[in-house]
Amino acid sequence: MDKKVISTISLAGCFGCHMSFLDIDLKLLELIELVEFNRSPLTDIKTFSKRIDIGIIEGGCSNDENVKVLKDFRKNCDILISLGECAIMGGLPALRNHLTLKECLEEAYFNVPTSNHNQTIPRHEDLPQLLDKVYPCHELVKIDYFLPGCPPSGEIIWQALAALIKNDKLEISKRLIKYD
Ligand code: SF4
């Protein structure tokens with residue numbers, strides 16, 4: 001059987017979902033016999049070098065760079081998975097969504113005790129531009145599967161990948177879904 005090709009990325013997330021990926025533990029040895037990793041923080045490969053079977057997205061979209069990367073994943077991946085609550089519904093970064101972007105920046109750079117006190121908001125053409133709010137991935141591109149949890153457990157990730165690799169139906173037991 002040809003190995004499936006997997007890519008992963010973290011957008012507006014905390015890398016906790018990637019840590020959970022590593023929590024597959026010993027099954028990683030089994031996984032590595034079935035898949036090869038391409039573009040991913042796990043490999044430090046920065047660009048796609050072939051067509052991807054399964055793309056895994058951690059985090060939602062908080063800035064224009066996140067959107068660009070997400071769209072690039074959609075273009076290059078046959079199956080796209082939103083992994084974890086940040087990808088699925090914005091998660092913790094989306095707590096800013098009840099503020100306008102202006103209010104959010106003023107709070108972060110002017111009002112908090114640790115502000116820089118010179119009343120400037122960093123701006124540079126090389127810096128990603130913040131969006132008006134944090135968007136869940138499925139609002140911007142088609143997502144094929146959602147793996148919930150914060151983070152989803154290693155067991156959920158393993159079960160999902162095992163099913164997709166074998167072209168089985170993807171069914172996750174609710175007892176495995178946790179948010180702590
Ligand atoms: Fe981190 Fe939870 Fe978001 Fe995953 S879902 S990136 S663990 S905050």
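One-based numbering, in listed order, for ligands and for the atoms of each.
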Counting only protein N/O/S, how many atoms fall short of 2.8 Å from atom 3 (Fe) of ligand 1? 1

If we ignore hydrogens and angles and just use 3.5 Å, is the side chain of T43 paired with the main-chain N or O of N38 as donor and acceptor? yes

Residues forming a ring-ring contact (aromatic ring centres under 6.0 Å, His included) with Y135, sequence neighbours excluded: none

Under the side-chain contact (heavy atoms from CB on, under 4.5 Å) test, which residues partner N63, sequence neighbours left out? E65, N66, P128, L130

Donor-acceptor pair, N76 side chain versus D72 backbone, under 3.5 Å? yes

Give a yes or no on whether the backbone of T47 and the side-chain of R39 come within a donor-acceptor separation of less than 3.5 Å. no

By side chain to side chain donor-acceptor pair (under 3.5 Å), Q129 pairs with (sequence neighbours left out) none

